[in-house]
Amino acid sequence: MAAIQDLSTHVGKEVELKGWVHNKRESKTLVFVILRDGTGFCQCIIDLNNVGEENFNVATSLGLESSIVVRGKVVADERQVGGYEIHVTSFDVIQNCADYPIAKKEHGVDFLMDQRHLWLRSKRQWAIMRVRNAVIYAIHNFFQREGFVQMDAPVFTGNACEGTTDLFETDFYGQPAYLTQSGQLYGEAMAMAMGKIYTFGPTFRAEKSKTRRHLSEFWMIEPEMAFYDIFDNMDLIEKFLRSVVAEVMEKCPEELEILERDTTALKKTAEPFIRLTYDDAVAIIRGEKEVNGKRTIDVLEDDLAQTKAQIAELKSDIEQRESAIAAGGMKKGQVNFNLNAIDKNKNTIKQLEEDERNIPQWLDSARNFTYGNDFGGSDETVLTRMFDVPVMVYDWPHQVKAFYLKRNPDNLNLARGVDLLAPEGYGEIVGGGERETNEQLLIEKIHEHELPMEAFDWYLDLRRFGSVPHAGFGLGLERLIAWICKLPHVRETIPFPRMYGRLKP
Ligand code: 4AD
Ligand code: MG
């Protein structure tokens, strides 16, 4: 049995492929099956003259997603998907099925999410999952190359890491336990044993929010390094992300093309990232500080004016085409050409109208951001729009960040946290920082956050026995994939998403 991804090594030879009918069209004497076998897609031509009438009739009866075995000669043909096609000599049907629920026509996302167990077979989802695989592999490659040891944090925990509001509580032999929000606290203990470690596991947040970047169960990669400060940490974040993005671009050109991903922004990660203190970031958001001679507020106002003008232009184009069609006298081909153009314009208008709705909110963020607040999605968008590379924001007001972050020794109001914001409106994909080593300050923070002290006694031991400066970060796997693939929502980046309102399939 051959795999579609290896067809280049079989040109001119006979192969056997096993897979599913992804698509099918037919003429009087030919059936064209797009076969998918998990490794790729390939057109198989079943010719009446080669297989005989009985087999040909079976071929015409094949429903979408029927499972089959085909044998035939591999012919190189650049115009075909994957660049090869199979001239079928014989085939067997494993199961001929009818009425596959996901037809070719457009379905709504809710329907597709209900059919997730089947939807995974579609070409876009296939491409996204292959990117996910490449991202995971690249992450391991990077850390292993850099001398990190992978260690696993427990999923059941007795302590909250990222605040108590979004914990999933479970019953652990009669005692309450929580599904972990982050492996970090354990990561710190493991770093003291091994020097540089990373965890890579599922994490859980009970956030009742339906946003495009929240999952209830997501995968996090959390390196933790002894003897690193906030600046070493930022160096590592930058090197790490650059390496992962470059490797994925190299390994997944076909997948990114299927997703119609313009890779300009991804390529930009080869350039130095921007590093801003929170204070500078706020000054930029509010338009008090310029970036390349521009203020956020002016940029956004320009964008809004341009968006409105574009919408008006497209609407008048649609009107002209519609009245031309209504006037009559056009050939059928010409009518179709215009109808297609109208459809395309309508889709573009939809996207532009979304911007038209969003930009005023962003302007509002820019005008009214209060110093001291955490960044919301709009604040992140306003800031990242000013740059075309990822932006790292560090030294945050300590009140808005987690209890474990170290205070800036020169300004105790600031905590040495860092967020990495991805470009193109994707926002925070990494959160991390240098850890507090002062036991007294940590105890104060645990009280301030109203966390149960007894759950943290082991954690405080790390400050009592050979305490050293250390730092780390957490990367949200699904958010990174959403950005790399430029998807509108994280739900498509994980095989079976778990989020508010979705537990099935
Ligand atoms: O910023 P967060 O909450 O940081 C931590 O959990 C730290 N303990 C990490 C560390 O320093 N070791 O989460 C880290 C990242 C976010 O930047 C985001 O990418 C992702 O995890 N994330 C989510 N992804 C999907 N759905 C959610 N609900 C997420 N919450 C956080
Ligand atoms: Mg965060």
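Nothing here was measured: the structure is a model prediction, and the numbers come from that model. Counting starts at 1 for both ligands and their atoms, in listed order. For the single chain, residues carry numbers from 1 onward in sequence order.
Annotation: cation-pi pair Lys123/Phe41 present, NZ/CZ under 6.0 Å from the ring centroid and within 45° of its normal.
Asp37 contributes a side-chain N or O that, together with a main-chain N or O of Gly40, makes up a donor-acceptor pair within less than 3.5 Å. Put simply, the side chain of Asp395 never gets that close to the backbone of Tyr278: no donor and acceptor are under 3.5 Å apart. Between the side chain of Arg132 and the backbone N or O of Ile481 there is no donor-acceptor pair closer than 3.5 Å. Without hydrogens or angle criteria, Tyr500 side chain to His214 main chain gives no donor-acceptor distance under 3.5 Å.
The Val430 neighbourhood of ligand 1 comprises atoms 17 (O), with distances under 4.0 Å to a heavy atom of that residue. Each of the following atoms of ligand 1 lies closer than 4.0 Å to a heavy atom of Gly432: 11 (O). Within ligand 1, the atoms closer than 4.0 Å to a non-hydrogen atom of Glu207 are 28 (N), numbered from 1 in the order shown. For ligand 1 and Gly431, the ligand atoms under 4.0 Å from any heavy atom of the residue are 1 (O), 9 (C), 10 (C), 11 (O), 17 (O). Set against the non-hydrogen atoms of Arg213, the atoms of ligand 1 under 4.0 Å away are 25 (C), 26 (N).
Contacts between Arg479 and ligand 1 below 4.0 angstrom, taking non-hydrogen atoms only, involve the side chain exclusively. Under 4.0 angstrom from ligand 1, the non-hydrogen atoms of Tyr404 all belong to its side chain. At a 4.0 Å heavy-atom cut-off, ligand 1 touches Phe473 through the backbone alone. At a heavy-atom cutoff of 4.0 Å, ligand 1 is contacted by the side chain of Arg435 but not by its backbone.
Ligand 1 has an N or O atom lying under 3.5 Å from an N or O atom of Ile429, backbone or side chain. Among the atoms of Met220, none of the N or O lies under 3.5 angstrom from an N or O of ligand 1.
Tyr173 pairs by the ring pair (Phe, Tyr, Trp, His ring centres under 6.0 Å) definition with nothing, not counting sequence neighbours.
Surrounding NZ of Lys251 are more than 12 heavy atoms belonging to other residues, nucleotides or ligands, all under 6.0 Å away. Heavy atoms of other residues, nucleotides or ligands lying less than 6.0 angstrom from OH of Tyr137 number 12 at most. More than 12 heavy atoms of other shown residues, nucleotides or ligands fall within 6.0 angstrom of atom CD in Glu169.
In this structure, Glu162 is part of the shell of residues with a heavy atom less than 4.0 angstrom from ligand 1. Heavy-atom separations between Glu224 and ligand 1 are all 4.0 Å or longer.
Around the Mg ion (ligand 2), protein N, O or S atoms at a distance under 2.8 Å total 1; waters are neither shown nor counted.
The only member of Tyr198, Trp458, Tyr459 that meets ring-ring contact (aromatic ring centres under 6.0 Å, His included) when paired with Tyr186 is Trp458.
Side-chain contact check for Glu222 and Ser182: at least one donor-acceptor pair (N or O, by modelled atom type) lies under 3.5 Å.
Looking from atom 6 (O) of ligand 1 to the surrounding protein, the closest heavy atom is Arg205 NH2, 2.9 Å. Considering only non-hydrogen protein atoms, atom 31 (C) of ligand 1 sits nearest to Phe218 CZ, 3.5 Å. Atom 9 (C) of ligand 1 has its closest protein heavy atom at Glu222 OE1, 3.3 Å. Among all non-hydrogen protein atoms, the one lying nearest atom 15 (C) of ligand 1 is Gly474 O, 3.7 Å. Here the protein heavy atom with the shortest distance to atom 17 (O) of ligand 1 is Glu428 OE2, 2.6 Å. Scanning the protein heavy atoms around atom 26 (N) of ligand 1, the nearest turns out to be Leu215 N, 2.9 Å.
Using a 4.5 Å heavy-atom threshold, the side chains of Val391 and Phe273 count as separate. Looking at heavy atoms from C-beta onward, Trp396 lies in side-chain contact with Asp419 at the 4.5 angstrom threshold.
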